[in-house]
Novice: 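Just passing along the structure, written as structure tokens.
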2 protein chains.
Amino acid sequence: MAKAVKETESNHTGPCDKFIRTGDSDCQHCSLRQFALFAELGDAEMRHLTADICSGVLRRDSLIYSAGDPGAGVFTIRVGLVKLVMETPDRRGRIVRLLGRGATLGLEVLTGRPYDHTALTLRTTSLCRIPIPTVDVLHSHNPRLVLGLMSKWHEQVRWADRWLTDLGSGAVPQRLANLVRLLVEISGDSPEAVHLPPAADIASILGVSQESVSRHLAELKRAGLLRRVGPRIYRCAPELTDATADGELPRVAPIRSC
Amino acid sequence: MAKAVKETESNHTGPCDKFIRTGDSDCQHCSLRQFALFAELGDAEMRHLTADICSGVLRRDSLIYSAGDPGAGVFTIRVGLVKLVMETPDRRGRIVRLLGRGATLGLEVLTGRPYDHTALTLRTTSLCRIPIPTVDVLHSHNPRLVLGLMSKWHEQVRWADRWLTDLGSGAVPQRLANLVRLLVEISGDSPEAVHLPPAADIASILGVSQESVSRHLAELKRAGLLRRVGPRIYRCAPELTDATADGELPRVAPIRSC
DNA sequence: CGGATAGTTGACAGGAGTCAAGGTATGTGG
DNA sequence: CCACATACCTTGACTCCTGTCAACTATCCG
């Protein structure tokens, strides 16, 4: 059983504020244990080494940490969705990654440097925070943890590469479709009920204008590939999540003004 | 002193073919030691543990490894420039990263998986190959090596993120300017003599058409921001490598037909 | 119910992709 | 050292797409 991560609703700037309830961090029985950093640890080790791990729930649009903050620890997502925003000279920022259940945020602080990105929740999200010293102690007790750590790094790099190839070029409708597929994978949403981020965020992800996003989303809806089933929740046709992987988006007459 | 990495000019498909001469891998006195994986090792350890490290020189356009190849080892670049190409459904591939002096390629094989990318040289390049077991032994002898490994991973992620933000969106001339800056950083070329990759590669990096690249490069030349000083070698004006970081490319009358 | 925020749509201009043709360099063999 | 073949690069014409600006509408939240 572990402490909660600061329950104060204090100021807006600190990491981990806006926690709306305390979670228990019983790492030993956590359903994520196989995915998280501790996949390689035995029960006995777990009990002693995870005492400093905190957990909590943040509501939508909460700040987890800001780029440049001194590193306090790494975070594991129990459930939810997080965006990593990289500052750009034009002040608008750019979303460089989305992270969902089982993913690890802020690994860069393990190299002794501050956070690279600003991390914000895209929906209600439950997180665990693991202080840097705890990670250090953990892998000095169990060298096999290094493999887990490297896998987490590898995961980041693979997402980054896929982000680039799937979302970085090509026709906008295609990239939108690829984004929906990625969202299904990352968030764990069912294709029957994908939760789309606000249009402005989608624009920041794809590197296009918000209006362009809006237009093409409308087109996908008209084509019947996407159907609204709730506030920001969409059901997507199988063609959207399957066939789109390799090139051609199902051809639909581009209904201009109807 | 170490073995050379297979000097055979054998077939075109294997990794490490086309080595044109044997390099010595005297890691202990390598000028890259501070940058490479062994920054943390003492002299004594170095001597015993680096015996299996091979080195060699590859000429331009040589294959280092292919995506999906079973991982044989990681590579460190002594001097040169390497592109990582990710396969795409449209068969054209996309360049997702450039790596220069001191960088490490193929870290992903340390997680037990095959290579993620196809790695090709963009110019004559000198590499060291470190077999996976050697890395494993190295960090079981010296846990501090883990920090070096994580720094290398971090480096990959930071380049990936910067690639996305600097080259992934915005006006093409701006992205070209950003690419030139990145090239200067990565390759170590002087701004007085930057070696530009073929236009097709630049197109693959920026995710635009080759014609677009050609047109905008021509414009930069006309504007005096880029001047050809040799085959594929360009001298770039300070405005190109400095001011372009934060937004506006120096305004030059767009000389249409002159 | 009402204000604020987020999303939608139209008109227009400039930019980028595509296809196709012509030009230049590179480096190989004589 | 020169000539030639082959890549590589450049340019033009045209269409379609995307960004921008601006007005309008829907949705969310108190």
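Just the heavy atoms: all of them, side chains too, but no hydrogens, waters or symmetry mates, feed the values below.
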Novice: Which sits closer to the 5' end of DNA chain D, A:Arg232 or B:Arg232, going by the nucleotide each is nearest to?
Specialist: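 The answer here is B:Arg232.
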Novice: May I have the distance from A:Leu217 (atom CG) to C:dT8 (atom P), rounded to whole angstrom?
Specialist: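 That distance rounds to 7 Å.
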Novice: Would you indicate whether the side-chain heavy atoms of B:Lys83 and B:His117 approach each other to under 4.5 Å?
Specialist: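 Sidechains of B:Lys83 and B:His117: no contact.
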Novice: Given atom CD of B:Glu219 and atom P of D:dG12, what is their separation to the nearest angstrom?
Specialist: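 Atom-to-atom, B:Glu219 to D:dG12, this comes out as 12 Å.
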Novice: Would you mind reading off the distance between A:Asp61 atom CG and C:dT5 atom P, rounded to a whole angstrom?
Specialist: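 The answer, rounded to whole Å, is 13 Å.
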Novice: Give the rounded distance in Å between these two atoms: CG of B:Asp201 and P of D:dA7.
Specialist: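 Rounded to whole Å, this separation is 16 Å.
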Novice: Can you tell which of A:Asp61, A:Asp189, A:Asp201 makes a salt bridge (Lys or Arg N to Asp or Glu O under 4.0 Å) with A:Arg123?
Specialist: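 Checked A:Asp61, A:Asp189, A:Asp201 against A:Arg123; only one passes salt bridge (Lys or Arg N to Asp or Glu O under 4.0 Å): A:Asp189.
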Novice: In whole Å, what is the span from the CG atom of A:Leu122 to the P atom of C:dA6?
Specialist: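 It works out to 14 Å between those atoms.
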Novice: Which whole-number value in Å describes the distance from A:Ile233 CD1 to D:dC28 P?
Specialist: 11 Å
Novice: Hey, does A:Trp163 have a side-chain heavy atom less than 4.5 Å from the side chain of B:Leu164?
Specialist: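 Yes, side chains in contact.
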Novice: Does any non-hydrogen side-chain atom of B:Tyr115 lie less than 4.5 Å from one of B:Leu84?
Specialist: no
Novice: Just by distance, do the side chain of A:Arg101 and the backbone of A:Arg78 share a donor-acceptor pair under 3.5 Å?
Specialist: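 Side chain of A:Arg101 to backbone of A:Arg78, a donor-acceptor pair under 3.5 Å: yes, one is there.
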Novice: From OH of B:Tyr234 over to C1' of C:dA25, roughly how many Å is that when rounded to an integer?
Specialist: 11 Å
Novice: Check every atom of C:dG7, D:dC9, D:dT11 against the side chain of B:Ala218 and return the nucleotide holding the closest atom.
Specialist: D:dT11
Novice: Could you list all N or O pairs between the protein and nucleotides 16-18 of chain C that sit under 3.5 Å apart?
Specialist:
{"unit_1": "C:dA16", "atom_1": "OP2", "unit_2": "B:His216", "atom_2": "NE2", "d": "3.0"}
{"unit_1": "C:dG17", "atom_1": "OP1", "unit_2": "B:Ser209", "atom_2": "N", "d": "3.4"}
{"unit_1": "C:dG17", "atom_1": "OP2", "unit_2": "B:Ser209", "atom_2": "N", "d": "3.3"}
{"unit_1": "C:dG17", "atom_1": "OP2", "unit_2": "B:Ser209", "atom_2": "OG", "d": "2.9"}
{"unit_1": "C:dG17", "atom_1": "OP2", "unit_2": "B:Ser212", "atom_2": "OG", "d": "3.3"}
{"unit_1": "C:dT18", "atom_1": "O4", "unit_2": "B:Arg215", "atom_2": "NH2", "d": "2.8"}

Novice: Take atom CG of B:Leu196 and atom C1' of D:dC8, then tell me their distance rounded to the nearest Å.
Specialist: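 From B:Leu196 CG to D:dC8 C1': 14 Å.
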Novice: With B:Ile64 as reference, evaluate B:Leu120, B:Ile77, B:Leu105, B:Thr118 under the side-chain contact (heavy atoms from CB on, under 4.5 Å) test and give the passing residue.
Specialist: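 With B:Ile64 as partner, B:Leu120, B:Ile77, B:Leu105, B:Thr118 yield a single side-chain contact (heavy atoms from CB on, under 4.5 Å), made by B:Leu105.
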